[in-house]
Structures are given as C-alpha cells and as structure tokens.
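For reference, the structure is listed below as structure tokens.
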Amino acid sequence: MLRAPLLAAARSKGIRRLVEAVPATRSVVRRFVAGSETADAVRVARELATGGWRITLDHLGEDTTDAAQAAATVAAYEAVLSALASEGLADGADVSVKLSAVGQFLPSNGEDVALENARKICAAADAVGATVTLDMEDHTTTDSTLGILRELRGEYPWVGAVLQAYLRRTEQDCRELSGPGSRVRLCKGAYAEPESAAFQDKADVDKSYVRCLRVLMAGSGYPMVASHDPRMIEIAAALADEHGRTDDDHEFQMLYGIRPEEQARIAASGSRMRVYVPYGDEWYGYFMRRLAERPANLGFFLRGLATRS
C-alpha cells in the first residue's frame, strides 16, 4: 500500500525539500549511500574488496535536462574510474550509468548526446579494466536504452544492461540479450508503471523473474542476478547448476546496505557477489525507491529519524 505513494514522492520536489531539510536524514541515508564524494565511493569499494565482494558504482543523478550537468556526470565517472585505478581497485569493477543522467532527456538530440557521453564513460572504463552497465529506468525509456546499448556494444561488447522483470516485455528482451558476450542484470523493477506495461501483483512479478532467469541461465551470456529475495537467490543457484554454470560465468548482486550478512555468505561460498554502491549528492530519488521496495527499509528510516531527532 505504501509503494505507490513513496514512488510518487520520489518525483516530488516539495517532498524532497522537506525530507532533505530534516537534519537526521543524511545520517540515516548513509546506510544506503556511500557518501557525496569520489573518495567516499573509493573508500567503500576498498572495504568491500577486502571482504571478497565486487562493486558497481552509481554516481547518483537522473532526469537531467541540462547539457552541462550531463557533462559533469561524465566527468564524475571518469574521476571515480581513475581513482579506482590509482588504488588498484579498477580491474573487475563496474560502473552503473543512467542514460537520463548523461543527456537522454535533453530537448535537442538527447539520445545522440547520451550515446556520446556513455561512449566516453566506456572508454574510461576500458582503459582501466572496468566495465559499464546501463541502468534501466521507467518503461518509456526501454527502447531508447536498448538502442544505445546496441550501438555501444559494437565498440565495447562487454557493456551490460539492466532488465526489469515486472515489465511484460522483459522475457522477450532476455531472449534477445542472452547471446554470447551479453551481460544482463535482472532485477524486479522499482518504478511506478501502468498495468498495460507491467505486472502489478507481486506473485506475477516473481513468476516473471523466474521465467527470465530460466532464459538467461540457459543462454550464452553472463547473467547478473540482482535480488535480495532468498527464494529467487535459491532458484538462481539451482538454475545455474542445472545449466552447468560455474562461479565465473554468472554473479549475484545486491544493494549497498541491504542484507549485508547474506552478501557475505554468498561471497564466502565462492560465488561472485557484486554490491551496487551509490554515491553523490543526488540521493533523494534513489533513497525513496529503496523505501518503496521494502517496508523494512521505511521502518529503519523512521526509527533512525526518531533516535536522531
């Protein structure tokens, strides 16, 4: 019942101002966001690497309609990749990029600008042995994002994409992206979508997730299982075994600050465990979607505000 209001709040400038004005908010947000600066992202990456985790870094920001801001986002990714390389942390690292943050929504030639900016990030990643994954946003951007993915993979075949199981189209998208060299992060989805585009019932989303997992695990690509759901993790592991996959040809992914004990268990088992680490000042939309995904997150937030107020 809380999901729809929280997702609506994620796009509300008024509610954003109210939430950001509460002094205790940022201290609670630190559970889910590494910090504001490049140094914060590198610090968390170092901590996770010590424990056997891999990382994907997300410089927070989305829905950019300013070309200068899109260029600044590119520069931020170039800076964090350079910093990772300086610390010996870049090899095998990944960065997650929202195309709306690098120009996709610009009023003039947005897709072309986003493609060129994403290409610059890919070049920076390639130079230090890292990879790039294109985050997926609401369903209206899916075709544009997959089109840009196809362009980038012509030059950087390791570029990955996110597919969202709650979208009705995703099983077919999985089939089309399950070939050799393809990297697909499968998540359930975190945006408010119409019934015409997305399954609304949790049980239907779960069934779609399993169907998509079956397609990806049976394919020739590299599935990235992004879920905190114990049942989905168990099913993914069983499907990997069924299709003769090894620990090197698929991985599990979870969000920074959510189920860290399970992240440690998966890493200790020998499976690849990658943690999605967001950083930067534009944390509000990301944070609200995390609250919408799991009621436990909202409870944690409210308790944190109560104890720090």
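These numbers come from the heavy atoms of this one structure, side chains and all, not from hydrogens, waters or symmetry mates.
For the pair Cys187 and Met136, the minimum side-chain heavy-atom distance is 4.5 Å or more. With contacts defined as side-chain heavy-atom distances shorter than 4.5 Å, the pair Val275/Arg54 does not qualify.
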List, one per line, each side-chain donor-acceptor pair under 3.5 Å for residues 37-44, sequence neighbours excluded.
from	atom 1	to	atom 2	distance (Å)
Asp40	OD2	Ser36	N	3.0
Asp40	OD2	Glu37	N	2.9
Arg43	NH2	Ala34	O	3.0

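Under the 30°/60° scheme for interplanar angles, the aromatic rings of Trp158 and Tyr156 are found to be tilted.
One N or O on the side chain of Ser182 and one on the backbone of Leu177 form a donor-acceptor pair closer than 3.5 Å. At distances below 3.5 Å, at least one donor-acceptor pair connects side-chain atoms of Ser227 with backbone N or O atoms of Asp229. Looking only at distances, no side-chain donor or acceptor of Asn109 sits under 3.5 Å from a matching main-chain atom of Asp112. For Glu282 (side chain) and His59 (main-chain N/O), no donor-acceptor pair under 3.5 Å exists by modelled atom type. Side chain of Asp204 to backbone of Phe199: no donor-acceptor contact under 3.5 angstrom is found. Side chain of Ser82 to main chain of Glu78: no donor-acceptor pair is present (N/O by atom type, distance under 3.5 Å, no hydrogens or angles). Remark: the backbone N or O of Val102 is not paired with any side-chain donor or acceptor of Thr64 at under 3.5 angstrom.
Electrostatic pairing of Asp94 and Arg183 counts as a salt bridge here, judged by a charged N lying under 4.0 Å from a carboxylate O.
Qualifying salt bridge (charged side-chain N to carboxylate O under 4.0 Å, His left out) partners for Asp143, counting only residues two or more places apart in sequence or in other chains: Arg169. Checked against salt bridge (charged side-chain N to carboxylate O under 4.0 Å, His left out), Arg168 has no partners two or more places apart in sequence or in another chain. For Ser100, the side-chain hydrogen bond (donor to acceptor under 3.5 Å, both in side chains) partners are Glu137, not counting sequence neighbours. With sequence neighbours excluded, no residue satisfies ring-ring contact (aromatic ring centres under 6.0 Å, His included) with Tyr256. Taking Arg245 as the reference, Asp249 meet the salt bridge (charged side-chain N to carboxylate O under 4.0 Å, His left out) condition, with sequence neighbours excluded. Shown here are the salt bridge (charged side-chain N to carboxylate O under 4.0 Å, His left out) partners of Arg231, two or more places apart in sequence or in another chain: there are none. Legend: residues meeting side-chain hydrogen bond (donor to acceptor under 3.5 Å, both in side chains) with Lys120, ordered by chain and number and at least two apart, are absent. By the side-chain hydrogen bond (donor to acceptor under 3.5 Å, both in side chains) test, Gln253 is found to be paired with Arg185, Glu251, residues two or more places apart in sequence or in another chain being considered. Residues satisfying the ring-ring contact (aromatic ring centres under 6.0 Å, His included) test with Phe105, not counting sequence neighbours, are none. Contacts of Gln172 classified as side-chain hydrogen bond (donor to acceptor under 3.5 Å, both in side chains), with partners at least two apart in sequence or in another chain: Arg175, Glu176.
Aromatic ring centroids of Tyr222 and His250 lie 6.0 Å or more apart.
Between Lys98 and Gly61 the shortest heavy-atom distance is CD-O, 3.8 Å. The shortest heavy-atom contact between Val205 and Tyr166 is CG2-CB, 3.8 Å. The two residues Ala165 and Ser208 have their closest heavy-atom pair at O-OG, 2.7 Å.
Taking a 6.0 Å sphere around CG of Asp91, one finds it holds 12 or fewer heavy atoms contributed by other residues, nucleotides or ligands. For CD of Glu234, the number of neighbouring non-hydrogen atoms (other residues, nucleotides, ligands) closer than 6.0 Å is 12 at most.
The closest side-chain donor-acceptor pair between Asp58 and Ser96, if any, does not fall under 3.5 angstrom. Side chains of Gln104 and Thr141: a donor-acceptor N/O pair is absent below 3.5 angstrom, by distance only. Side-chain contact annotation: Asn117 with Tyr77, donor-acceptor N/O pair under 3.5 Å absent. With hydrogens and angles left out, the side-chain atoms of Asp248 and Thr246 include no donor and acceptor closer than 3.5 Å.
Evaluation of the side chain to side chain donor-acceptor pair (under 3.5 Å) test over residues 209-219, restricted to residues two or more places apart or in two chains, returns Glu171-Arg211.
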